[in-house]
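Before I ask anything, let me first share the structure, which is written out below as structure tokens.
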Amino acid sequence: QDAKVVRTRDPQRLAQCDVVVDVGGEYDPERHRYDHHQRSFTQSMRSLRPDKPWTTKLSSAGLVYCHFGSEILAGLLGQPEDGPVVTALYDKLYENFVEEIDAIDNGIAQAEGEPRYALTTTLSARVAHLNPRWNDPDQDTEVG
């Protein structure tokens with residue numbers, strides 16, 4: 001509730017954070033580090049939760065959902081975390097929303113061969129528009 005969001009890649013500032021997502025180069029859930037940008041990272045929902053069927057490589061969004069999605073849904077719904085309602089909703093949200101984010105963030109094509117159409121209005125595309133272009137001389141992500 002009183003969390004302060006800090007957007008940085010500065011290792012010294014990251015070391016002071018309680019939770020780090022999508023930066024920092026490490027996945028360590030015990031220390032609340034949820035980055036998927038290591039060459040050695042291959043985790044999927046199935047590898048972390050063997051009761052789940054999805055093998056798409058997780059993005060940082062998927063990692064956070066994997067670790068906290070059930071708990072958050074249970075709290076919002078006032079239902080037990082391992083109950084059938086939370087389980088069904090968790091699975092549907094992953095399959096129909098979060099898995100797309102994981103796939104796009106990891107460069108997994110929606111179809112084999114030539115794309116049949118352009119995806120221009122996905123959540124990932126909208127977030128990407130907020131970031132500076134790769135060749136922009138001002139890479140300050142705090143500037144709106």
Using every non-hydrogen atom in the two residues, find where Arg33 and Asp18 come nearest and quote the distance to one decimal.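 So the minimum-distance heavy-atom pair works out to NH1-O, 3.4 Å.
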Quick one: pull up OG in Ser40 and CD in Glu26 and give me the separation to the nearest 0.5 Å.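 Answer for the OG-CD pair, Ser40 versus Glu26, is 11.0 Å.
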Please tabulate, for side-chain N and O atoms in residues 61-85, each donor-acceptor pair with protein atoms closer than 3.5 Å (sequence neighbours left out).
unit_1 : atom_1 : unit_2 : atom_2 : d
Tyr65  : OH     : Tyr90  : O      : 2.8
His67  : NE2    : Tyr27  : OH     : 2.6

Looking only at heavy atoms, which two atoms of Ser59 and Ile101 are closest? And how far apart?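 Smallest heavy-atom distance, with atoms named: OG-CG2, 4.1 Å.
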Rounded to the nearest 0.5 Å, how far does CG of Asn106 lie from CZ of Phe41?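 Spacing of CZ (Phe41) from CG (Asn106) equals 8.0 Å.
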Fellow cluster residues of Ile108, listed by chain then number, with links counted only when side-chain atoms sit under 4.5 Å apart: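 Hydrophobic cluster check, Ile108: no partners found.
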Smallest separation among heavy atoms of His36 and Asp105, with atom names: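 Answer, listing the atom of His36 first, then Asp105: NE2-OD2, 3.1 Å.
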Mind checking the CZ-CG spacing from Arg46 to Leu58? Nearest 0.5 Å is all I need.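 The distance works out to 13.5 Å.
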So, taking the atom named NZ in Lys52 and the one named OG1 in Thr87, what distance separates them when rounded to the nearest 0.5 Å?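 The NZ atom of Lys52 sits 5.5 Å away from the OG1 atom of Thr87.
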Would you call Thr8 and Leu14 a side-chain contact if the rule is heavy atoms closer than 4.5 Å?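 A side-chain contact under 4.5 Å exists here.
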CD1/Ile104 to CD/Glu99 distance, rounded to the nearest 0.5 angstrom?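 Nearest 0.5 Å value for the CD1-CD distance: 11.0 Å.
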Taking the inter-plane angle between the rings of Trp54 and Tyr94 on a 0 to 90° scale, is it parallel (under 30°), tilted (30 to 60°) or perpendicular (over 60°)?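 Trp54 and Tyr94: tilted rings.
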Indicate yes or no: at least one non-hydrogen side-chain atom of Glu95 is less than 4.5 angstrom from one of Asp91.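 Sidechains of Asp91 and Glu95: no contact.
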Please step through salt bridge (Lys or Arg N to Asp or Glu O under 4.0 Å) for the pair Arg13 and Asp10, ending with a clear verdict. CA-CA 5 Å; Arg13 289 192 72 194; Asp10 179 350; 5.5 Å; no
Are the side chains of Ser44 and Thr56 in touch, meaning some heavy atoms are under 4.5 Å apart?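 A side-chain contact under 4.5 Å is absent here.
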